[in-house]
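The chains referred to below are lettered A, B, ... by the order of the sequence lines, with proteins before strands, and numbering in each begins at 1.
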Amino acid sequence: MPASEKPARVRFAPSPTGTTHLGSARTALYDYLLARQTGGQFILRIEDTDRKRYVPGSEQELMASLRWLGLEWDEGPDVGGPHAPYRQSERKHIYLQHALELVERGHAYYCFCSPQRLEKVRQEQQRRKELPLYDGTCRRLPPAEATARAAAGEQHVIRFKMPREGSITAHDRLRGDITVKNRNLDDYIIVKSDGLALYHLAAMVDDHLMGVTHVLRSAEWLPTFPLHVHIVRAFGWAELEWVHLSLFLKPSGKGKMSKRDTQALKESGYSIFVEDLRLAGYLPEAVVNWVALMGWSYDDHTEFFTLPELVEKFSLDKLNPSPAAMNYSKLDHFNGLHIRSLEVSDLARRIKPFLLNAGYYLDDELLLQVAPIIQKRLVTLDDAIPMAGFFFQPQIAPKADDLVGKNMSPARSAHAARAAYALLAALPSISLETAEEPLRRLAEELGLDAGQLFGILRVAATGQPVSPPLFESMQIIGKPVVLERLKNAIAILEGLAAESPHPLAQ
RNA sequence: GCCCCCAUCGUCUAGGGGACCAGGACGUGGCCCUUUCAAGGCCAAAACCGGGGUUCGAAUCCCCGUGGGGGCACCA
């Protein structure tokens with residue numbers, strides 16, 4: 001185990017504004033891995049300071065998705081912890097108190113400008129192709145006057161008083177030192193007129209109060225990163241270890257996912273939402289494995305990882321700063337790999353809800369027999385429905401054309417089926433051991449390829465031209481039912497032969 | 001427009017001055033195996049954005065271009 005990091009207290013801090021997507025899942029995964037690897041804590045904090053964007057139910061979905069992925073947190077809104085509450089909307093007074101401290105110490109000031117005026121200023125700046133920054137009107141107010149006006153109840157916000165000169169250098173774990181001139185930074189609003197803090201203040205206050213050591217977040221935060229460091233330094237708090245993770249790009253690699261891309265992706269059967277992937281039959285193990293490898297690598301030859309293995313092998317030093325396009329065919333590959341590594345009973349357990357959902361009556365014993373023969377063939381759990389649904393249907397309805405053997409006439413197919421019926425009927429039971437050899441000999445006697453005969457039997461017994469292995473399937477279906485279905489197939493083939501316009505065609 | 005980040009096969013990546021006519025994985029093509037479909041095995045095609053430096057030597061370090069991406073809210 002790499003002991004390079006001290007016990008890390010990390011936080012995953014999503015805002016409850018929508019459905020959990022893969023980018024969040026990866027951040028949470030890395031948080032979890034770092035915490036578990038170093039013997040630290042994984043904190044879940046809900047950043048719900050913007051009540052306008054709050055989506056009811058998203059918090060529940062978020063927690064369900066994290067738990068589905070196997071990422072349990074040590075402290076959070078539902079499990080509590082030493083720094084509760086873990087929901088920012090419940091910590092309003094804490095932020096306000098800290099903002100006032102900043103005002104008193106000259107690092108922040110009251111601003112009484114109306115949103116309308118600010119909008120006008122911004123438009124003018126943009127027309128003049130300038131950086132749209134606050135023009136500093138209230139920054140020049142005498143502090144005593146500003147405090148008096150605020151105390152008198154005048155509408156106001158609190159802005160951070162950005163130094164006008166010089167620059168700030170902050171360290172990012174993946175990119176090294178990042179230096180920005182202070183004049184390119186704004187006097188950001190840190191407390192809104194409703195008294196609630198913005199992310200910039202709230203997150204920094206919480207990270208400090210909660211003893212967070214490492215901040216892992218998306219690279220989208222890089223532009224405001226210097227502001228956050230300014231705030232931390234204004235308070236005189238300990239510097240954090242900043243890790244800005246690479247962005248996730250849409251599969252084409254051209255930019256991040258938009259609403260439209262998200263919809264288009266769904267139509268092709270994939271999704272960036274964890275919930276959708278679960279519903280589509282992906283294993284949490286596969287999603288974790290796939291997402292872990294987008295922006296992180298171990299060595300050249302190992303790519304298959306379980307969560308415990310990732311806890312052991314993960315390292316911040318192997319993180320890659322460049323944006324990564326999502327490769328869904330690789331997700332499919334990982335899903336197949338993880339499905340194949342499952343115990344049969346586990347696989348059966350996971351397939352069950354998909355079969356049930358598709359309306360198939362479920363016999364657990366039967367499912368346990370079916371699972372091993374489809375295990376190598378599944379890409380998603382959902383694939384079990386078209387692949388093995390017939391096992392759970394009392395009736396099958398093979399298509400007449402499918403029953404005709406390859407390069408054979410209906411009459412000849414019927415003849416072959418009758419011969420196979422006689423052979424199988426005489427067997428004590430049907431299995432690979434008992435039926436394969438005799439059937440191969442029969443094919444030879446009939447002048448057929450084994451594939452031609454087996455094809456007819458496959459469609460007759462399973463109702464479909466593509467199925468799990470024939471003998472294993474027939475064994476599961478059972479001799480009486482196989483014979484009954486074969487009889488039915490013979491009847492269909494004979495009917496087809498009777499109406500055939502080419503009686504001589506063989 | 002301004003600020004910031006990034007830059008190796010189609011995609012995810014290894015590589016941190018000589019071990020690289022650049023390795024692995026997905027995908028693609030071919031072959032083998034084979035009762036269908038898979039799985040598995042083998043093989044192949046496929047990349048260091050460009051230009052300058054530094055150096056005996058650069059995919060690797062520096063600079064400049066170019067390209068791509070992100071951000072510029074009383075959102076997070």
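- Between the CD atom in Gln123(A) and the CG atom in Leu118(A) there is a gap of 11.5 Å [rounded to 0.5 Å].
- Summarising the geometry, the separation between CG on Leu453(A) and P on rU35(B) is reported as 12 Å, rounded to the nearest angstrom.
- For Lys181(A), no side-chain nitrogen or oxygen approaches OP1 or OP2 of rC3(B) to under 4.0 Å.
- Within the 4.0 Å cut-off from OP1 or OP2 of rA76(B), at least one side-chain nitrogen or oxygen of Thr49(A) is found.
- Nucleotide rG65(B) is matched to rC49(B) when pairs are restricted to Watson-Crick or G-U wobble geometry with both distances under 3.5 angstrom.
- Between the side chain of Arg175(A) and the base of rC5(B), no donor-acceptor pair under 3.5 Å is found.
- Distances were taken from every side-chain heavy atom of His200(A) (C-beta onward) to each of rU11(B), rC75(B), rA76(B); the shortest belongs to rA76(B).
- Within 4.0 Å (heavy atoms only), Pro226(A) reaches no atom of the nucleic acid at all.
- When side chains are defined from C-beta on, Met326(A) does not count as touching Leu331(A), because their heavy atoms never get closer than 4.5 Å.
- The nucleotide whose nearest atom lies closest to any side-chain atom of Ala324(A) is, among rA76(B), rU13(B), rC72(B), rU13(B).
- Under 4.0 angstrom from either OP1 or OP2 of rU35(B) there lies at least one side-chain N or O belonging to Arg440(A).
- The side chain of Lys192(A) places an N or O atom within less than 4.0 Å of a non-bridging phosphate oxygen (OP1 or OP2) of rC75(B).
- Checked against rG27(B), rU35(B), rC74(B), the side chain of Leu432(A) finds its nearest nucleotide in rU35(B).
- rU11(B) is paired with rA25(B) under the criterion used here, namely a Watson-Crick or G-U wobble arrangement in which both key atom distances are under 3.5 Å.
- Regarding Ile339(A), its CD1 atom lies at a distance of 15 Å from the P atom of rA38(B), rounded to whole Å.
- Within 4.0 Å (heavy atoms only), Trp221(A) reaches at least one base atom of the nucleic acid.
- Residue Arg183(A) places its CZ atom among 12 or fewer non-hydrogen atoms of other residues, nucleotides or ligands, all under 6.0 Å distant.
- For Pro321(A), counting side-chain heavy atoms from C-beta on, the closest listed nucleotide (rA25(B), rA76(B), rA7(B)) is rA7(B).
- Note on Leu470(A): a base of the nucleic acid sits closer than 4.0 angstrom, heavy atoms only.
- Rounded to a whole Å, the CZ atom of Phe334(A) is 18 Å from the P atom of rU11(B).
- Here Pro468(A) lies in heavy-atom contact (under 4.0 Å) with a base.
- Across all strands shown, Gly255(A) has heavy atoms under 4.0 Å from sugar-phosphate atoms exclusively, and none from any base.
- The OH atom of Tyr188(A) sits 14 Å away from the P atom of rC75(B) (whole-angstrom rounding).
- In this structure, Arg139(A) is not positioned above the aromatic face of Tyr134(A) in the sense of NZ or CZ being under 6.0 Å from the six-membered ring centre and within 45° of the axis.
- Distance from the side chain of Lys318(A) is smallest to rG15(B) among rG15(B), rC4(B), rU35(B).
- Counting atom types as modelled, Glu303(A) pairs a side-chain N or O with a base atom of rG24(B) as donor and acceptor under 3.5 Å.
- With both ends at atom C1', the span from rA47(B) to rC64(B) equals 24 Å, rounded to whole Å.
- Geometric assessment of Arg149(A) against the ring of Tyr110(A) yields a negative cation-pi assignment under the 6.0 Å and 45° thresholds.
- Remark: Asn184(A) is not in phosphate contact with rC72(B), judged by side-chain N or O atoms under 4.0 Å from OP1 or OP2.
- Using a 4.0 Å heavy-atom criterion, one finds that Gly336(A) contacts no nucleic acid atom at all.
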Checklist line | Step-by-step side chain to side chain donor-acceptor pair (under 3.5 Å) determination, Glu285(A) to Thr306(A) | finding: CA-CA 6 Å; Glu285(A) 291 93 329; Thr306(A) 61; over 6 Å; no

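- Looking at the side chain of Ala325(A), the nearest of the listed nucleotides rC12(B), rC75(B), rC72(B) is rC12(B).
- Taking every side-chain heavy atom of His333(A) into account, rC26(B) is the closest of rU13(B), rU35(B), rC26(B).
- In the interface, the side chain of Ser467(A) is not paired with the base of rC37(B) through any donor and acceptor atom under 3.5 Å apart.
- Between rU35(B), rG71(B), rG69(B), one nucleotide has an atom nearer to the side chain of Leu247(A) than all others, and that is rG69(B).
- Nucleotide rC72(B) has rG1(B) as its partner under the Watson-Crick or G-U criteria, with both atom distances under 3.5 Å.
- To the nearest angstrom, C1' of rU36(B) lies 14 Å from CG of Leu403(A).
- At rG40(B), one or more side-chain N or O atoms of Arg340(A) fall inside 4.0 Å of OP1 or OP2 (strictly under the cut-off).
- Base engagement by Pro115(A) is indicated by at least one non-hydrogen atom pair under 4.0 Å involving a base atom.
- Of all nucleotides listed (rC75(B), rC6(B), rC4(B)), rC4(B) comes nearest to the side chain of Ile178(A).
- Between the CG atom of Asp186(A) and the P atom of rC3(B) there is a distance of 15 Å, rounded to whole Å.
- When the P atom of rC74(B) is taken as reference, atom CZ of Phe160(A) falls 17 Å away, rounded to whole Å.
- In this structure, Asp50(A) places its CG atom 5 Å from P of rC75(B), rounding to the nearest Å.
- You'll find that the side chain of Lys256(A) is closest to rG71(B), out of rC5(B), rG71(B), rC2(B).
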